[in-house]
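Throughout, a chain's letter reflects where its sequence line sits, starting with A, and its residues are numbered from 1. Bear in mind that the values here come from a model prediction, so they are computed numbers and not experimental data.
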There are 2 protein chains.
Amino acid sequence: MSRILIVEDEPQLLRALTINLRARGYEVKPVADGRSALVVAGAGEIDLIILDLGLPDMDGVDVVRALRGWNNVPVIVLSARDAQAAKVGALDAGADDYVTKPFGMDELLARIRAALRRTDSTNDAPIVRTASFTVDLSAKRAERDGHEVRLTPTEWHLLELLVRNPGKLLSQQQLLQQVWGPSYATETNYLRVYMAQLRRKLEPNPSQPQHLLTEPGMGYRFAP
Amino acid sequence: MSRILIVEDEPQLLRALTINLRARGYEVKPVADGRSALVVAGAGEIDLIILDLGLPDMDGVDVVRALRGWNNVPVIVLSARDAQAAKVGALDAGADDYVTKPFGMDELLARIRAALRRTDSTNDAPIVRTASFTVDLSAKRAERDGHEVRLTPTEWHLLELLVRNPGKLLSQQQLLQQVWGPSYATETNYLRVYMAQLRRKLEPNPSQPQHLLTEPGMGYRFAP
DNA sequence: CTTGCACGTTAGGAACCCGTCAAGATCGAG
DNA sequence: CTCGATCTTGACGGGTTCCTAACGTGCAAG
């Protein structure tokens, strides 16, 4: 069964969550602050993290960011009802889902199942094909019409994000923060330039893209 | 069977409701003021609360607000016909639905069933389907008759709020504040414009909407 | 019937976003 | 140091979205 790391400073809630998840057959590691969370996560063997944003020692968003530096384990964030901004920040930093307090145990369990299901399915499809090009994620190669296409590191990073989330809309902030880092969230210029380059290299008709799509005002989407 | 807390200061009505609901098999806790309501609710084991806004000791809106601090049990508000403002306030504070006095027992029972059903249904499906359209919240995609429908950021934001609270009535203030920000709470014009656009894009017959419903004077509701 | 109110509908200009291009700036290899 | 590749930055035109105000409609009260 899956191993879950719970990071929550309220002892009552931490205990309740631990008991409930153990009762469902999960293996649970409860910790009460961000530092311990990073240590335990660093030790590996964790399939999912449940993280309260309101921690005593660190900003929860920083915890997510630190994790994302070397790990892609799914993170579900817990946040107070009024902490809208922190929630958004955590998602941008790479959290997978969020639950607003107060929440029902059923809802949390459902989101845990969903998150675990997601990682199961995404890891075993390293080659993505479309009508006009092919991307091999494990070999880091892209092909078009049988010829290999050379991509720069930045181009590759951006393409990988899009292709790993087929059909899903990725916001500009999400993309910018993942590719360029947290402080570049407003440099939408970069996105325009690099999306144009990817299209020029991969799309048959770059001015009418069929797979690397723009959703005005919202972000970009890869259509398989 | 479900446990219902009734908060009502008129003894006659309290008694009538209690008898009626018990006859339907619900377990009922009748109380006559706000303070007792919070105590009983705090003890837990309550699946739904029916709350009269005209209480002797506390403003009903404050009761809702206090509840929402630590609990997300559904709340149905009872209000006199002329207490329009209080009703809206209660919805903004987090109430789920309202019934105007005088009301029929059938109507109240129907709303009770709806509210209980809502919490039962495991909320893990980020894909919402109706007879005429489909909304995928995680991919940020909307479909109608198999075709994708393009929504602008504002349209999407509004639709997402409605769809994430199926069956629940969202007041105009709630919607305006969430989508446009706290200072736009009175610009009801925006809502009319954007609701019309959503209906035009999603409803088969926009002038007779079946899923994006108006509650005159109160707000809007998404009916699955 | 008149009046007032809330909602639906429409349209146009302002503000914003995106694709494109090209010229520096930076970096690493030889 | 020189050179090429890559990344950053700024500017512009065209398209989309948003805001705003006006008008139309249905309903209920007087």
Side-chain angles (χ1 to χ4, degrees), chain A residues 140 142 148-159 162 169-181 183-221, chain B residues 81-82 84-85 87-88 100 140 142 148-159 162 169-173 175-181 183-221:
Chain A
K140 293 217 187 292
E148 175 164 5
V149 177
R150 253 198 72 67
L151 297 179
T152 72
T154 307
E155 288 165 5
W156 180 263
H157 201 160
L158 181 57
L159 177 63
L162 289 163
L169 184 129
L170 301 177
S171 75
Q172 309 182 7
Q173 285 192 8
Q174 244 173 312
L175 293 168
L176 284 165
Q177 295 198 8
Q178 293 277 326
V179 176
W180 281 272
S183 55
Y184 290 74
T186 59
E187 301 287 336
T188 59
N189 234 335
Y190 296 3
L191 271 185
R192 294 205 290 280
V193 171
Y194 277 88
M195 285 302 297
Q197 297 207 347
L198 283 177
R199 284 175 180 149
R200 193 146 12 97
K201 292 185 178 181
L202 296 173
E203 292 271 4
N205 183 358
S207 59
Q208 292 186 356
Q210 306 199 336
H211 300 104
L212 302 172
L213 308 179
T214 302
E215 299 277 341
M218 312 234 289
Y220 293 87
R221 181 199 307 278
Chain B
R81 170 173 292 264
D82 52 346
Q84 196 90 338
K87 210 158 43 180
V88 175
T100 303
K140 290 222 196 307
E148 172 160 8
V149 178
R150 265 198 46 70
L151 298 180
T152 71
T154 307
E155 288 164 5
W156 182 264
H157 201 158
L158 181 58
L159 177 64
L162 289 163
L169 173 67
L170 300 175
S171 75
Q172 306 184 353
Q173 289 188 17
L175 293 168
L176 284 165
Q177 293 193 8
Q178 292 278 327
V179 176
W180 281 271
S183 55
Y184 290 74
T186 60
E187 301 286 337
T188 58
N189 226 335
Y190 297 3
L191 270 184
R192 293 205 287 280
V193 170
Y194 277 89
M195 285 302 297
Q197 296 208 345
L198 283 178
R199 294 206 258 240
R200 186 143 28 89
K201 291 186 178 180
L202 296 174
E203 292 271 5
N205 184 357
S207 58
Q208 293 184 357
Q210 306 197 337
H211 301 104
L212 302 171
L213 308 180
T214 303
E215 299 277 339
M218 305 295 319
Y220 293 87
R221 181 198 305 275

Legend entry - Heavy-atom side-chain contact between B:Leu202 and B:His211 under 4.5 Å: no
Legend entry - side chain to side chain contact (heavy atoms under 4.5 Å, CB included) assessment of A:Tyr194 paired with A:Leu159: CA-CA 9 Å; A:Tyr194 277 88; A:Leu159 177 63; over 6 Å; no
Legend entry - B:Glu203 (side chain) donor-acceptor with B:Gln210 (main chain) under 3.5 angstrom: yes
Inset, instruction - Starting from the C-alpha separation in whole Å, work towards a yes-or-no answer on side chain to side chain contact (heavy atoms under 4.5 Å, CB included) for B:Met195 and B:Leu162. - result: CA-CA 11 Å; B:Met195 285 302 297; B:Leu162 289 163; 3.8 Å; yes
Legend entry - Opening and closing nucleotides of DNA chain C in contact with chain A, under 4.0 Å to non-hydrogen atoms: C:dC17 to C:dC21
Inset, instruction - Indicate, with a heavy-atom threshold strictly under 4.0 Å, whether B:Trp180 touches base, sugar-phosphate, or nothing. - result: sugar-phosphate
Inset, instruction - Keeping the roles fixed (side chain from B:Arg199, backbone from B:Leu212), state whether a donor-acceptor pair exists under 3.5 Å. - result: yes
Legend entry - Close residues, residues 184-199 of chain A, relative to DNA chain D [heavy-atom separation under 4.0 Å]: A:Asn189, A:Tyr190, A:Val193, A:Tyr194
Legend entry - Contact check, side chains of A:Glu187 and A:Trp180, non-hydrogen atoms, under 4.5 Å: no
Inset, instruction - Ignoring backbone atoms, test whether B:Thr152 places a side-chain nitrogen or oxygen under 4.0 Å from the OP1 or OP2 oxygen of D:dC18. - result: yes
Legend entry - Interatomic distance, A:Gln172 CD vs D:dT17 C1' [rounded to whole Å]: 14 Å
Legend entry - From B:Glu148 atom CD to A:Leu213 atom CG, the distance as rounded to the nearest 0.5 Å: 8.0 Å
Inset, instruction - Have a look at A:Arg150 and say if it touches a base, only the backbone sugar-phosphate, or nothing, with a 4.0 Å heavy-atom cut-off. - result: sugar-phosphate
Legend entry - Whole-Å gap separating P (D:dA5) and CG (A:Leu151): 15 Å
Inset, instruction - With rounding to the nearest 0.5 Å, note down the distance linking OH in A:Tyr190 to OH in A:Tyr184. - result: 5.5 Å
